[in-house]
Amino acid sequence: MVFIILPTVSVKIFTTFYCEDFDDGSSSLKADHGIDCKSSAHNYFLRYAMIMTVIFPAGVPMIYFFLLRKWRKLLNGGQWEREKEVPKDQALMEAIREREKNEEKNEHMK
């Protein structure tokens, strides 16, 4: 869901920064020519858009990056967790190896 919303909201935030200058010296927002870029209201929303740029278009991907980095070992096929869970019982280890060999044989027969 975030991957659908993130680009749309990011584009809306970035439209706050694009002003169009006219020959008579006036300037208006390119997305809505009814908004004067030199007005105090636009300056307020410009600051708000800067904060939202840090939070949404930059912040959401950074959050995903740090979460995935934190859990990368577990997400990598669960190898890290499996190694911790397997007891050191020799008979069990031999049974696991034999099962893996049988699975390899079955794959080669297909």
Side-chain angles (χ1 to χ4, degrees):
M1 185 79 165
V2 172
F3 297 109
I4 295 170
I5 295 171
L6 181 67
T8 307
V9 172
S10 298
V11 167
K12 289 293 182 185
I13 291 171
F14 289 130
T15 58
T16 308
F17 299 109
Y18 298 115
C19 290
E20 189 172 0
D21 295 324
F22 295 105
D23 293 335
D24 63 354
S26 64
S27 178
S28 68
L29 194 62
K30 196 168 188 173
D32 184 1
H33 289 291
I35 299 173
D36 183 20
C37 285
K38 296 176 183 175
S39 68
S40 62
H42 181 260
N43 287 333
Y44 169 77
F45 282 109
L46 197 61
R47 281 182 252 140
Y48 181 73
M50 287 180 200
I51 294 168
M52 288 297 113
T53 300
V54 171
I55 292 173
F56 214 80
V60 170
M62 279 195 317
I63 289 170
Y64 276 110
F65 171 77
F66 287 117
L67 286 174
L68 289 171
R69 184 171 166 82
K70 178 181 177 183
W71 297 104
R72 72 183 179 274
K73 289 181 182 177
L74 181 63
L75 294 171
N76 188 14
Q79 294 296 324
W80 185 62
E81 285 296 318
R82 280 192 217 133
E83 290 172 4
K84 286 172 50 177
E85 291 175 0
V86 174
K88 304 231 188 264
D89 185 41
Q90 188 65 23
L92 180 60
M93 293 299 287
E94 288 177 16
I96 290 172
R97 285 189 203 111
E98 189 172 326
R99 189 181 82 193
E100 288 174 351
K101 287 179 186 176
N102 289 336
E103 287 176 358
E104 287 177 9
K105 283 181 186 179
N106 290 338
E107 286 179 10
H108 290 294
M109 293 178 141
K110 290 181 182 178

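Along the sequence shown, residues carry numbers from 1. This structure is a prediction, so every number in the text was calculated from the model and none was measured.
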Please tell me whether Val54 and Ile51 are part of a single hydrophobic cluster in this structure, the criterion being side-chain heavy atoms less than 4.5 Å apart. no
Hydrophobic cluster membership, with links at side-chain heavy-atom distances under 4.5 Å among I/L/V/M/F/W/Y: are Val2 and Met62 in one? no
More than 12 heavy atoms from other groups under 6.0 Å of CD on Glu98: no
Step through the shown structure and confirm whether more than 12 heavy atoms of other residues, nucleotides or ligands are within 6.0 Å of CG on Asp23. no
Separation of Tyr48 OH from Thr53 OG1 (nearest 0.5 Å): 10.5 Å
Min side-chain heavy-atom separation Met52-Ile55 under 4.5 Å: yes
In terms of ring plane angle, is the pair Phe14 and Phe17 parallel, tilted or perpendicular, where the classes change at 30° and 60°? tilted
What closest approach, in Å, do Asn43 and Lys38 show between heavy atoms, and which atom pair accounts for it? ND2-O, 4.4 Å
Any side-chain heavy atom of Cys37 sitting closer than 4.5 Å to one from Leu46? no
Considering all heavy atoms of both residues, which atom of Pro57 and which atom of Leu6 are nearest to each other, and what is their separation? CA-CD1, 4.1 Å
Should Ile13 and Ile5 be counted in the same cluster of Ile, Leu, Val, Met, Phe, Trp and Tyr side chains packed under 4.5 Å apart? yes
List the atom of Asp36, the atom of Ser27, and the distance in Å for their closest heavy-atom pair. OD1-O, 2.7 Å
Is there a path of hydrophobic side-chain contacts, each under 4.5 Å between heavy atoms of I, L, V, M, F, W or Y residues, that connects Val9 with Tyr64? yes
Which value, rounded to the nearest 0.5 Å, describes the distance between Thr8 atom OG1 and Lys12 atom NZ? 9.0 Å
As an exercise, state the distance from OG of Ser28 to CD1 of Ile35, rounded to the nearest 0.5 Å. 9.0 Å
Please answer: with hydrophobic residues joined when any side-chain heavy atoms are less than 4.5 Å apart, are Val60 and Leu67 in the same cluster? no
When you measure from the side chain of Arg69 to the backbone of Phe66, do you find a donor-acceptor pair of N or O atoms at a distance under 3.5 Å? no
pair Phe22-His33: side-chain heavy atoms closer than 4.5 Å: yes
More than 12 heavy atoms from other groups under 6.0 Å of CZ on Phe45: no
